[in-house]
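Below you'll find the structure, written out as structure tokens, and then a few comments.
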Amino acid sequence: MEENLKITFAPDILKDRVLCELKSRGGEYMQLMSYYSSAMLEVETKFKVLNIEYSSRFDRNPIETIKTRLKSPKSIIEKMNRIGVPVSAENIEHNLNDVAGVRVICSFVDDIYKLADMLAVQDDVYVVKTKDYIKNPKPSGYRSLHLIVETPIFLSNEKRYMRVEVQLRTIAMDFWASLEHKLRYKKDIPADAAQEIARQLYDCAEAASKTDQEMLAIRRRIEASGFKTGIE
């Protein structure tokens, strides 16, 4: 077992430097990341299959895009230090739920909940935790449905359960969140200006939510009139 590692670093430390620190402690970290990569692939494939099934049942595709990401070594170390847990492969697996992430961008709000329900009833997926930031947005205006799921990966000599964070959001939610994330890390903004910018971002989030609801209402009206709303 690798030694516990607690690293404090300046903000400008390069990711490669941090990765070298982890690599120097042995191969367990890299092996763990390969497990998370496999778990991401499993969950991504499940959503691709659901997209095909949904298309067959409802004559339209609910998923616009699927994105995956592994938490960077720097981010892992920062979070482990923040929660006060020494960094080791074992501690990462036991204390972090968001090392592997799958983001599913949907066409409409109701697609988010249908896909989440379809995923949850699969017999090899266990939903550990749900946070609904659509029905209960964050104070910033952020909206998304977050699931922590546990799924098996099948290795050459064992079946291993790994956790993956799933985020489901609409195109409008993703557009807002992506820009808000970039703006949030701008430095040297005066406090009074930061407050005004936060208010503007909140108003934009509300406008995006209203657009989502109106687009859903339009789709339902079209469907009620007998026309199909399939997405090529």
inquiry  = Counting C-beta onward and ignoring hydrogens, is there a side-chain heavy-atom pair between V128 and N97 closer than 4.5 Å?
reply    =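 Answer no - side chains too far apart.
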query = Does a side-chain heavy-atom distance below 4.5 Å link M40 with R69?
reply =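 They are not in contact (no side-chain heavy atoms under 4.5 Å apart), so the answer is no.
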Given 3.5 Å as the limit, does a donor-acceptor pair link the side chain of [X] with the main chain of [Y], or not?
X: D212; Y: V109; result: no
X: T170; Y: C106; result: no
X: S55; Y: N51; result: no
X: S34; Y: Q31; result: yes

Please name the pair of heavy atoms, one in [X] and one in [Y], separated by the smallest distance, quoted to 0.1 Å.
X: V164; Y: A39; answer: CG2-CB, 3.6 Å
X: A116; Y: L145; answer: CB-CD2, 3.8 Å
X: A177; Y: R169; answer: CB-NH1, 3.5 Å
X: M80; Y: P86; answer: CE-O, 3.5 Å
X: A205; Y: G141; answer: CB-O, 3.4 Å
X: D203; Y: R199; answer: OD2-NH1, 2.7 Å

Rounded to the nearest 0.5 Å, what's the gap from [atom1] on [X] to [atom2] on [Y]? Could you check?
X: E28; Y: S88; atom1: CD; atom2: OG; result: 8.0 Å
X: L216; Y: D110; atom1: CG; atom2: CG; result: 4.5 Å
X: K131; Y: L147; atom1: NZ; atom2: CG; result: 12.0 Å
X: S209; Y: I134; atom1: OG; atom2: CD1; result: 9.0 Å
X: Y36; Y: D98; atom1: OH; atom2: CG; result: 9.0 Å
X: T151; Y: R163; atom1: OG1; atom2: CZ; result: 12.5 Å

Contacts of [X] that satisfy side chain to side chain donor-acceptor pair (under 3.5 Å) - sequence neighbours left out:
X: D111; answer: Y54, R60
X: K67; answer: D174
X: R221; answer: none

Less than 4.0 Å between a side-chain N and a carboxylate O, is that true for [Y] and [X]?
X: E223; Y: R219; value: yes
X: E165; Y: K71; value: no
X: E78; Y: R82; value: no
X: R143; Y: E206; value: yes

Within a reach of under 6.0 Å around [atom1] of [X], are more than 12 heavy atoms found that belong to other residues, nucleotides or ligands?
X: Q122; atom1: CD; result: yes
X: Y202; atom1: OH; result: no
X: M215; atom1: CE; result: no
X: K48; atom1: NZ; result: no

request  = Just do the side-chain contact (heavy atoms from CB on, under 4.5 Å) check on Y29 and I92 with the steps written out, would you?
outcome  = CA-CA 9 Å; Y29 170 78; I92 290 169; 4.1 Å; yes
request  = Name all residues meeting the salt bridge (Lys or Arg N to Asp or Glu O under 4.0 Å) criterion together with D132; count only those two or more places apart in sequence or in a different chain, and write none if there are none.
outcome  =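 Not a single residue meets the salt bridge (Lys or Arg N to Asp or Glu O under 4.0 Å) criterion with D132.
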task = Go through I76 and M33 one step at a time and tell me if the side-chain contact (heavy atoms from CB on, under 4.5 Å) criterion holds.
result = CA-CA 11 Å; I76 288 173; M33 291 303 105; 4.2 Å; yes
task = May I ask you to decide if the ring planes of W176 and Y142 are parallel, tilted or perpendicular, using 30° and 60° as cut-offs?
result =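 Tilted: the ring planes of W176 and Y142 meet at 30° to 60°.
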message = With side-chain contact (heavy atoms from CB on, under 4.5 Å) as the criterion, how do D124 and K46 come out once you've worked through the C-alpha distance, each side chain's angles and the decisive distance to 0.1 Å?
response = CA-CA 11 Å; D124 61 345; K46 286 178 183 297; 2.9 Å; yes
request  = Quick one: list whatever passes ring pair (Phe, Tyr, Trp, His ring centres under 6.0 Å) with Y35, sequence neighbours left out.
outcome  =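 None.
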Do [X] and [Y] sit in the same hydrophobic cluster, where Ile, Leu, Val, Met, Phe, Trp and Tyr count as joined when their side-chain heavy atoms come under 4.5 Å apart?
X: L70; Y: F47; answer: yes
X: L32; Y: V85; answer: yes
X: I66; Y: M118; answer: yes
X: V43; Y: Y113; answer: yes
X: V104; Y: I171; answer: no

task = Mark yes or no: K114 above the aromatic ring of F108, with NZ or CZ under 6.0 Å from the six-membered ring centre and no more than 45 degrees from the axis.
result =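 The answer is no; the distance or angle limit is not met.
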query = Can L96 and I83 be said to form a side-chain contact (heavy atoms from CB on, under 4.5 Å), step by step?
reply = CA-CA 10 Å; L96 301 185; I83 64 178; 4.3 Å; yes
request  = Any pair with a residue in residues 150-175 that passes ring-ring contact (aromatic ring centres under 6.0 Å, His included), sequence neighbours left out, goes on the list, sorted by first then second residue, please.
outcome  =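 Qualifying pairs: none.
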